Every structure is written in structure tokens, then in C-alpha cells.
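Everything numeric here is computed off the predicted structure, so don't read it as measured data.
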Amino acid sequence: MWDPWLRGLHALPRPVGGRVVVVAAHPDDETLGAGGLLAELAAAGRPAHVVVVTDGAASHPGSPTLTPAELAVRRAAEVTDALAVLSPGSPVTLLDYPDGATREHRAAVAADVRDVLTRGEPAALVVGPWRGDGHRDHRVVGEICAELADELGAELLEYPLWMWHWGTPEDPAVPWERLRALPLADRSVVLKSRAVARHVTQVRPLSPDPADAAVLHPDFVRTFDRDVEVFVTASAPMPQPLGASFFDASYARRPDPWHLASRWYESRKRATTLAALPRERFGAALEIGCSVGTLTELLAARCDVLVATDVAPSALTSAKERTAHLGTVQYLQHDLADGVPGGPYDLVVLSEVGYYLTRPQLATTARRLRDALTADGTLVACHWRHPVAQYPLSGDDVHRTLAAELGLTTVVRHVEEDFLLDVWSRDPRSVARRTGLA
């Protein structure tokens, strides 16, 4: 129900610096609402501090199997186990306030959370429950997080939990204009699923007795098994695509702004890209964002016809000069956000371009590119992985979005610290099978 709507969400920039504190009203809130973020931060060597406000002892009133005190002990162990999966280096603070009584202990809770936020390095980002979630404890803890973030000058993110239960995409209470999607690596998705399963008292019955039924229905749990994690932002600016003016200014400063023609790094990356092509030769090809034509010149030797596009006129002029000796390249000034020019194509190359688009634009573009491929067409994407503040997406975000939206077979995947290279094709066969060797 939610997935088509979530595809349209703008990407949430990954936290790039400073201490992160994730606050949960109950044991398991941190895993359901922010488990992917915790795993991503841990993978980046920046484990977040986790604060759990209540003991969770009220989840099974009337249980014949566990007393509230016994349940509290179990839930504390479960949150520790879950965080050992998601982020083994995360400090964990269990405040042990009575479940369901955050309003009655509000001042004390605020004092304790403030102590964690200001202990050592002050928190740069506070992540807490969404205040509009429809659960009293979530609201109270969310309000405390918002007040403290404002007081301390920290950024605030809020994660919805019960919204996925009571809401629908059309519900006016769903704050679509403030929702952002954090794309998750496959590893983070798997770790989050494993961590959710560690909250045994919540996802499995304690006994056959109705009072011991699982609190979290399997359908509800499945709503958190996504390749994105959704957060409500306070006042984050809407990510904007980098349009023609950005590139015109870049080329005005330097004829080759990214040193494509002079850096060994770029030369090696081009060689890697060409080596990854699953066919020796292609008919019609499209190169998006050709810049000064360094890759264009090499691709043209492998294609009967190559359409090379760029938004910057000065870049196209340089590319034409570089490939003047070739008669197979057609140049076109074009903005990818406006659609796919022409087609169908046997090969589409998207190199260092995808992160200039917003996530919704890239998702739409991926589907358009898929539709522009021939019956055995191939799409190649290559992108820088290091963060760039002004880009709407990271390279990893680009490739995750492309993989999800294209729905094609990955025939080559090359991963380095610096860049990703993926080759998707309508023809799922390996090179050896295509050429009759296997």
C-alpha cells in the first residue's frame, strides 16, 4: 500500500558529522523506527548512542507467563541483543521509567535525556519518535526530544511507528511534505530484519494464551522491511536537483572542472567501465552527461551510433572537438530530467550523473531509461561514493534506486571505496554464455 508513495519521497542526506543520539520510548522502537540508520552509522564507524526511556513492562497486561518485572528484564535483554546486531559499538542507556507513564515522569525523563545529549561531545543529531504518531509515550518522548534539540541547537529527526498501523497514504494526518526517505544498503536491511527478530516478546506469542499474543502483528512488522527508512524532518529544505546553471558555472571556472582528461583516477575508471561492457560492440547507444567527451571517444569505438548529451553547451563544444575525427557521435544539449531523447538503445551509459537528480526524479528517469532499452539492451552506471554536500544523492543512493526501479538482471558489479560500477541488462546471460563458451 505504501511502497508506490514512498518512491516519491526525497532522499534524506546521511548525517556527515557529529554525535548522533537515538531516543526510543520503548525497547524495540529504536529498531523498528531507526534500525537502518543505526546500521548505516555503525558501518561508517560512527555508532550512535541509544537511549530507551521506558522498561516496556506494559506490553502484555494480564500475561499468565511473565510478570511485568520479568517482562522488563526480558525486554532489556532484547534491546541489547538487537543493538549488538545493528550497531555493536553503540552505547546503550536504559532509563527504566514505567511503561505508559512518560507524561507523569516528564520532567525527570527530560533531565535524563538532556544528560545523555550533553555528556561528552554534545549531540549534533537527535533522533526520536514522531510527535504525531498517535501513541502517548511516543508523543511525550518526541516532544522532549524536540524541545531538547531546539535548546541545544541540534538537528532533529522523528521516526513514525504507529502511523504505519493507523494511517493510509491518503490520510491528511500523514505529513508527506516533511517525510524523507533514508536509502539503506542491502546489509542494513538484513541486519534490521535480524534485529527486529531479537525482540522475541514482541514478535512471537509468549504462550497460547490470548493475553500472551504477539504485540506486533506480522503484517505490521513487514512494513518496516524496506530498503528505505522514513523520517519526519522539522524544517529540512527540499533537496533540489543541480540544473544547467550549476554546470555552466563549473565550466566557466575551468574548461574541464573534474579533470577528466588529466587524472589517472579518471582514466582508470574509464578503462574499468569499458571492460565491464558485456558485448564487444553495440548498435545504438546513449551516453548521458558526456562532459568534455573523454568517455565518449572510447565508447564511440564500440558503437555504430552514439548519442551523447549534456546540459552545458561549453562541455558539448569540448566534446565535439575531442571527437571531431569520429563520424559516429551525435551531440545533443539535453537535461535528463526532461526525459530520454530518442531510442531504443542497445546501450545506455549513466556515468557520474545520477546524484545530480533528486530521488523522485531519478526513480522516474530509471523507468524511462528501462523503457528506452532494446529487447537485449544494457544500462551501465558508474558513480563517485564519497559525500558531496550539494548533491541531492550519494553514489550509493543512486545505484540502490536504479537497481530497484530498473528491475533488470545485474550482470556486472564492481565496488571500490571510491566508486560503484553496475551493469544491468535485459539479457541475463554472462559474457561466456553469450559468446558460446559456457
(Q) I'd like to know whether Val79 forms a side-chain contact (heavy atoms from CB on, under 4.5 Å) with Leu83, so could you lay out the CA-CA distance, the side-chain angles of the two residues, the decisive distance to 0.1 Å, and finally the verdict. (A) CA-CA 6 Å; Val79 75; Leu83 288 169; 4.3 Å; yes
Q | Stepwise side-chain contact (heavy atoms from CB on, under 4.5 Å) test for Leu37 and Tyr159 | A | CA-CA 11 Å; Leu37 172 63; Tyr159 51 86; over 6 Å; no
(Q) Please determine whether side-chain contact (heavy atoms from CB on, under 4.5 Å) holds for the pair Leu9 and Val228, giving the CA-CA distance in whole Å, both sets of side-chain angles, and the decisive distance to 0.1 Å. (A) CA-CA 10 Å; Leu9 291 179; Val228 297; over 6 Å; no
Q | Evaluation steps, side-chain contact (heavy atoms from CB on, under 4.5 Å), between His135 and Leu161 | A | CA-CA 9 Å; His135 185 293; Leu161 292 167; over 6 Å; no
Q) Is there a side-chain hydrogen bond (donor to acceptor under 3.5 Å, both in side chains) between Thr323 and Tyr331 once you walk through the steps? A) CA-CA 10 Å; Thr323 60; Tyr331 287 99; 2.5 Å; yes
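With rounding to the nearest 0.5 angstrom, the OG1 atom of Thr273 is 5.0 Å from the CG atom of Leu421. Rounded to the nearest 0.5 angstrom, Trp162 CH2 and Leu32 CG are separated by 8.5 Å. Between the CG atom of Asp346 and the CG atom of Asp427 there is a distance of 11.5 Å, given to the nearest 0.5 Å. Rounded to the nearest 0.5 Å, atoms CG (Leu326) and CG (Leu306) are 9.5 Å apart. Atom CZ of Phe419 and atom OG of Ser351 lie 9.5 Å apart (nearest 0.5 Å). Atoms CG and OH, from Asp256 and Tyr251 in turn, are 7.5 Å apart once rounded to the nearest 0.5 Å.
None of Arg139, His138, His165 except one satisfies the side chain to side chain donor-acceptor pair (under 3.5 Å) rule with Asp133; the exception is His138.
Of all the heavy atoms in Val189 and Arg226, the pair that sits closest is CG2-O, 3.5 Å. The two residues Ala25 and Thr54 come nearest to each other via the heavy atoms O-OG1, 2.8 Å. The two residues Ala381 and His399 come nearest to each other via the heavy atoms O-CE1, 3.2 Å. Between Pro392 and Thr358, the shortest heavy-atom distance links the atoms CB-CA, 4.1 Å. The two atoms that bring Leu350 and His383 nearest to each other are O-CE1, 3.4 Å, heavy atoms only. In terms of heavy atoms, Arg322 sits closest to Ala261 at NH2-CB, 3.6 Å.
In this pair, Phe224 and Phe220 present their aromatic rings perpendicular. The plane angle is above 60°, beyond the 30 to 60° band. Between Trp258 and Phe246, the ring planes lie tilted relative to each other; the angle falls in the 30° to 60° range.
Other residues, nucleotides and ligands place no more than 12 heavy atoms under 6.0 Å from the CZ atom of Arg433. More than 12 heavy-atom neighbours from other residues, nucleotides or ligands sit within 6.0 angstrom of CZ on Arg302. More than 12 non-hydrogen atoms from other residues, nucleotides or ligands lie less than 6.0 angstrom from CZ of Arg119. More than 12 heavy atoms of other shown residues, nucleotides or ligands fall within 6.0 angstrom of atom CZ in Arg368. More than 12 heavy atoms of other residues, nucleotides or ligands lie within 6.0 Å of CD in Glu416, so this atom counts as buried by the packing criterion. No more than 12 heavy atoms of other residues, nucleotides or ligands sit less than 6.0 Å from atom CG of Asp186.
Contact check for Trp166 versus Asp171: side-chain heavy atoms found under the 4.5 Å cut-off. Residues Thr118 and Leu152 have side chains in contact (heavy-atom distance under 4.5 Å, counting atoms from C-beta outward). Using a 4.5 Å heavy-atom threshold, the side chains of Val21 and Val51 count as touching. Using a 4.5 Å cut-off on side-chain heavy atoms (C-beta onward), Trp164 and Val230 make contact.
Of the possible donor and acceptor atoms, one in the side chain of Arg19 sits under 3.5 Å from a partner among the backbone N and O of Leu117. No donor-acceptor pair under 3.5 Å is formed between the side chain of Arg114 and the backbone N or O of Leu148. For the pair Glu229 (side chain) and Gly35 (backbone), a donor-acceptor distance under 3.5 Å is present. With Thr328 contributing its side chain and Asp304 its backbone, the two residues share no donor-acceptor pair below 3.5 Å. Counting only distance, with no hydrogens or angles, the side chain of His334 and the backbone of Gly339 share a donor-acceptor pair below 3.5 Å. In this structure, the side chain of Thr223 does not engage the main chain of Asp219 through any donor-acceptor pair within 3.5 Å. A donor-acceptor pair is defined here as one N or O able to donate and one able to accept, closer than 3.5 Å; no such pair exists between the side chain of Asp422 and the backbone of Arg413. Side chain of Arg434 to backbone of Arg429: a donor-acceptor contact under 3.5 angstrom is found. Proximity of a side-chain donor or acceptor of Glu40 to a complementary backbone N or O of Ala185 within less than 3.5 Å is detected.
With salt bridges taken as basic N to acidic carboxylate O contacts below 4.0 Å, none links Glu143 and Arg131. Under the 4.0 Å criterion applied to side-chain N and carboxylate O atoms, Asp397 and Arg400 are assigned as salt-bridge partners. Ion pairing of Lys269 with Asp418 is absent here, as no side-chain N (NZ or NE/NH1/NH2) approaches a carboxylate O to less than 4.0 Å. Contact check on Arg75 versus Asp55 returns no salt bridge, with no Lys/Arg side-chain nitrogen under 4.0 Å from an Asp/Glu carboxylate oxygen.
Looking at Arg279 and Ser425, their side chains never bring a donor and an acceptor atom within 3.5 Å of each other. Judged by distance alone, the side chains of Thr294 and Glu266 never bring a donor and an acceptor atom under 3.5 Å apart. Between the side chains of His199 and Asp28, no donor N or O sits under 3.5 Å from an acceptor N or O.
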